[in-house]
Amino acid sequence: MNLIANFAVLASRRTIFDLPVCDLGWDDALVFINELASIPVGQTVVCFVNAHNMLTALRDDEYYRIMSHNLVLPDGIGLNIASQIAHGAPFPANLNGTDFVPAFLTFMEAPRRIGLIGGKRSVVEAAAENFRKHAPWHEFVVVSDGYFDKVDSTEVIEELEHHKLDILIVGMGTPLQEKWVHNNIRADHARLVLTVGALFDFVSGAVPRAPKTVRMMRLEWAYRLLQEPTRLWRRYIIGIPVFLFHVLRYRFRRRERILSHPEEHGSALQPRAERKKAS
């Protein structure tokens, strides 16, 4: 069990579909995760969750269970809308991995040995090189691309053990990356693990980011849709309305459960099976 992450979630959380999501502001999140990276025992897995990830978690019990043991950071306007509906206020900050991870690397003053796993070989190598330029006091090591046997990852794990990392950044897409980390990465491999999705694509320059003005308007999703309509149209055109439907339905069902059975309304970490019975 990820005790450090569980403590972190309990210390500052806001539940979306009963999944605790960190509600720290930008500066506090940087300080907090930097402190977690400095703890010499245990392990914290940090993941960045947007509306698409949340929909995936609702359909995938294994993924939901793994996420409940990780430190979850809110990514995107969908989570803000969900928080506004469920809790009356948006999250204090949009802690998306594409912005947060480079900022975190800069924020960490102590030199760290940081491993990268995921993406195409050329992409992850280019991402590592750009990370070195961005934060040259850290050591960045490409452990593996993302094209390896996820069932038998012995060679990758042996390579990982050889490097003796402080931090591991894994970018293989959701929910694959979270499941793989959960099943394979131990505390002696890395005390802090960041699961980052397509971050290497952006850092390497393989996929362009939206202009800063578009990002400030919280419309990066629309820019990405225009860039990759064939791959992303279902996620945004269908996924966002479906997500909002689930948020509204959950809010009203939760209210009904509390009013009709207040004694049964337990912790936000109530087992998934019990929550299904209550729905």
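We number each residue from 1, following the sequence as shown.
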Do Arg121 and Tyr147 form a cation-pi contact, if we require the NZ or CZ to be under 6.0 Å from the six-membered ring centre and within 45 degrees of the ring's axis? no
**Request:** Check the pair Leu160 / Ile185 against side chain to side chain contact (heavy atoms under 4.5 Å, CB included), numbers first and verdict last.
**Result:** CA-CA 9 Å; Leu160 193 62; Ile185 304 303; 3.4 Å; yes
Under a 4.5 Å cut-off applied to non-hydrogen side-chain atoms, are Leu30 and Phe100 in contact? yes
* Check: Leu19 and Ser68 side chains under 4.5 Å, non-hydrogen atoms -> yes
For Ala126, does its backbone N or O pair with a side-chain atom of Ser204 as donor and acceptor, under 3.5 Å? no
* Kindly say whether Pro241 contributes a backbone atom to a donor-acceptor pair with the side chain of His246 at under 3.5 angstrom? => no
Q. Would you call His182 and Val45 a side-chain contact if the rule is heavy atoms closer than 4.5 Å?
A. no
One should read off an interatomic distance between Leu192 CG and Ile169 CD1, to the nearest 0.5 angstrom, of 8.5 Å
When every non-hydrogen atom of Ser83 is compared with those of Ala89, the smallest separation belongs to OG-O, 2.6 Å
Legend entry - Worked check of ring-ring contact (aromatic ring centres under 6.0 Å, His included) between Phe148 and Trp180: CA-CA 11 Å; Phe148 59 88; Trp180 185 82; 5.4 Å; yes
- Query: Going through the checks in order, is the salt bridge (charged side-chain N to carboxylate O under 4.0 Å, His left out) test met by Lys164 and Asp188?
  - Reply: CA-CA 8 Å; Lys164 300 187 183 304; Asp188 58 307; over 6 Å; no
Review point. Do you reckon Val101 sits in the same ILVMFWY cluster as Val31, going by side-chain contacts under 4.5 Å, direct or chained?
Key: yes
For this session: Could you tell me whether Arg209 and Asp201 have a side-chain N and a carboxylate O separated by less than 4.0 Å?
Result: no
For Gly118 and Val124, the nearest pair of non-hydrogen atoms, with its separation, is O-CB, 3.3 Å
The reported gap from CG in Asn94 to CG in Asp99 (rounded to nearest 0.5 angstrom) is 7.0 Å
Requested in this report: For Tyr64 and Asp18, test the side chains for any donor-to-acceptor distance below 3.5 angstrom and give the result as yes or no.
Outcome: no
For side chain to side chain contact (heavy atoms under 4.5 Å, CB included), just list the numbers for Leu71 and Cys47, CA-CA rounded to whole Å, side-chain angles, deciding distance to a tenth of an Å, and then say yes or no. CA-CA 6 Å; Leu71 179 59; Cys47 48; over 6 Å; no
Do you reckon Phe17 sits in the same ILVMFWY cluster as Val242, going by side-chain contacts under 4.5 Å, direct or chained? yes
Closest non-hydrogen atoms of Ala110 and His138, given as atom of the first, atom of the second and distance, are O-CE1, 3.2 Å
Count I, L, V, M, F, W, Y as connected when their side-chain heavy atoms are under 4.5 Å apart, and connections chain through other members. Are Ile114 and Phe202 then in the same cluster? no
*asked:* Salt bridge or not between Glu161 and Arg186? Use side-chain N to carboxylate O under 4.0 Å.
replied: yes
Between Glu155 and Asp149, is the side chain to side chain contact (heavy atoms under 4.5 Å, CB included) condition met? List the steps. CA-CA 9 Å; Glu155 291 185 9; Asp149 188 343; over 6 Å; no
*When clusters are formed by joining ILVMFWY residues with side-chain heavy atoms under 4.5 Å apart, either directly or through shared neighbours, do Val41 and Ile33 land in the same one?*
yes
Determine whether Val170 and Leu116 make a side-chain contact, defined as any pair of heavy atoms from C-beta on separated by less than 4.5 Å. no
Smallest heavy-atom separation, Val203 atom then Ala127 atom, equals CG1-O, 3.7 Å
Between Arg112 and Glu139, is a salt bridge (charged side-chain N to carboxylate O under 4.0 Å, His left out) present by the stated rule, with each step listed? CA-CA 6 Å; Arg112 304 288 185 185; Glu139 183 179 359; over 6 Å; no
Exercise. Determine, using the 4.5 Å side-chain heavy-atom cutoff (strictly less than), whether Val247 and Val72 are members of one ILVMFWY cluster.
Key: yes
The single option from Leu55, Leu248, Asn53 that satisfies side chain to side chain contact (heavy atoms under 4.5 Å, CB included) with Phe243 is Leu55
CG (Asn130) and CZ (Phe200) are apart, to the nearest 0.5 Å, by 12.0 Å
- So, the side chain of Glu178 versus the backbone of Thr195: is there a donor-acceptor pair under 3.5 Å, distance only? no
State whether Glu129 and Arg132 are salt-bridged, where the test is any N-O pair (Lys NZ or Arg NE/NH1/NH2 against Asp/Glu carboxylate O) under 4.0 Å.
yes
Rounded to the nearest 0.5 angstrom, the NZ-CE distance for Lys150 and Met172 is 5.5 Å
Subject >> Expected output: side-chain Asn70 to main-chain Val46 donor-acceptor under 3.5 Å >> reply: no
_Backbone N/O of Pro90 and side chain of Arg14: donor-acceptor pair under 3.5 Å_ = yes
Inset, instruction - Consider only side-chain N and O atoms of His163 and Glu159, and report whether a donor and an acceptor are under 3.5 Å apart. - result: yes
So CZ of Arg113 and CG of Leu165: to nearest 0.5 Å the spacing works out to 6.5 Å
Look at the rings of Phe140 and Phe131 and say which category their plane angle falls in: under 30° parallel, 30 to 60° tilted, over 60° perpendicular. parallel
query = Is there side-chain contact between Arg191 and Thr44, with at least one heavy-atom pair below 4.5 Å?
reply = no
Note: Ala93 and Pro74 closest approach over all heavy atoms is O-CG, 3.8 Å
request  = State, yes or no, whether a side-chain contact exists between Phe48 and Asn96 at a heavy-atom distance under 4.5 Å.
outcome  = no
(Q) Check whether Asn183 reaches the backbone of Lys179 with its side chain - one donor and one acceptor, N or O, closer than 3.5 Å. (A) yes
Value for CG (Leu199) from OG1 (Thr98), rounded to nearest 0.5 Å, stands at 5.5 Å
Sub-4.5 Å side-chain heavy-atom contact between Leu73 and Val21: no
Correct closest heavy-atom pair for Val49 and Met54 would be CG1-CG, 3.7 Å
### Query
Can you tell if the side chain of Leu194 reaches within under 4.5 Å of the side chain of Leu168, non-hydrogen atoms only?
no
